[in-house]
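Remarks on the structure that follows.
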Amino acid sequence: MSDRRLKILLSNDDGYRAEGLVALHAQLSTFADVEVVAPEHNNSAKSNALTLNAPLYVHRADNGFRFVNGTPADCVHIALTGLLGYRPDLVVSGINNGANMGDDTLYSGTVGAAMEGYLFGIPAMAFSQVDKGWQHLEAAAMRATDIIRDMHVQGLIAQAPWLLNINIPNRPAHEMGASRLCRLGRRHAAEPVITQISPRGETMYWIGNAGPAMDAGEGTDFHATAQGQVSITPLRVDLTDHERLGYWAQTVARLAPKSVS
Ligand code: MN
């Protein structure tokens, strides 16, 4: 049980004006000290990218939110390495305009902002609303806030760091189900690239939409949110294929004498 007011760093990838950020900030501020450091513009699919080849500027909007001409990870990185001047208890990202399930988590700037906090040893949560358009945004913001408040009251924040990816179905509160622990599903490969001819005769390539769900079976985030439940998936950063280390040990040994195993 913790009575101390929680210190939250809030960011996102849709930009500091995004409705999902504004709604979540309003709800969280009822019980926590919340500082916003968010991108100036939409930074979807920027993952954990950092800006190393250009200077970053921080400005403060009339509502107190700070915004940065950089990526979501830039925002959290700057905040934690000098801008805030203190260590927040929790890094929160979102609420994103659209799902971040399965393979999305590798590309997501929403997850990237949270992951940057996690890499600095701070508990972190990424929130996304499954459909685009903010239709039931108030319900999603209240649900996200309930989850954070429940964890705070039970003393589950400010322990060892963890990273949670949370997707909230686009439904009114009374139609929303329980929280459900999930693994990530998988998507099919993305739609084909779209080509157009520019006014100057050059071919332009537009990255196609994400693919539909391929593994949306019981236990996945896709499955839970389709049932109206809130999916909660703990993520880790270590991409090592631990299960196949034995196989690769034999394979790498065959590459000798050039390789060292
Ligand atoms: Mn986004």
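Computation of the quantities below employed the complete heavy-atom set of this structure, encompassing side-chain atoms and omitting hydrogens, waters and symmetry-equivalent molecules. Whatever order the structure lists them in is the order used to number ligands and atoms, beginning at 1.
- Here the N, O or S atom of Asp14 that is nearest to the Mn ion (ligand 1) is OD1.
- The residues Arg180 and Glu218 are annotated as salt-bridged, a charged nitrogen and a carboxylate oxygen being separated by less than 4.0 angstrom.
- Closest N/O/S atom of Asp13 to the Mn ion (ligand 1): OD1.
- The Mn ion (ligand 1) does not have Ser128 among its coordinating residues (no N/O/S atom, backbone or side chain, under 2.8 Å).
- Here the two rings, on Phe120 and His77, have centers that are under 6.0 Å apart.
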For this session: Could you check Asp146 against Arg149 for salt bridge (charged side-chain N to carboxylate O under 4.0 Å, His left out), going step by step and ending with a plain yes or no?
Result: CA-CA 5 Å; Asp146 285 347; Arg149 193 196 287 109; 3.1 Å; yes
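- Seen from the Mn ion (ligand 1), atom OG of Ser44 and atom OD1 of Asn96 lie 170° apart in angle, a value rounded to 10°.
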Problem set entry | Residues His25, Phe65; criterion ring-ring contact (aromatic ring centres under 6.0 Å, His included); working and verdict | CA-CA 10 Å; His25 177 266; Phe65 290 6; 4.7 Å; yes
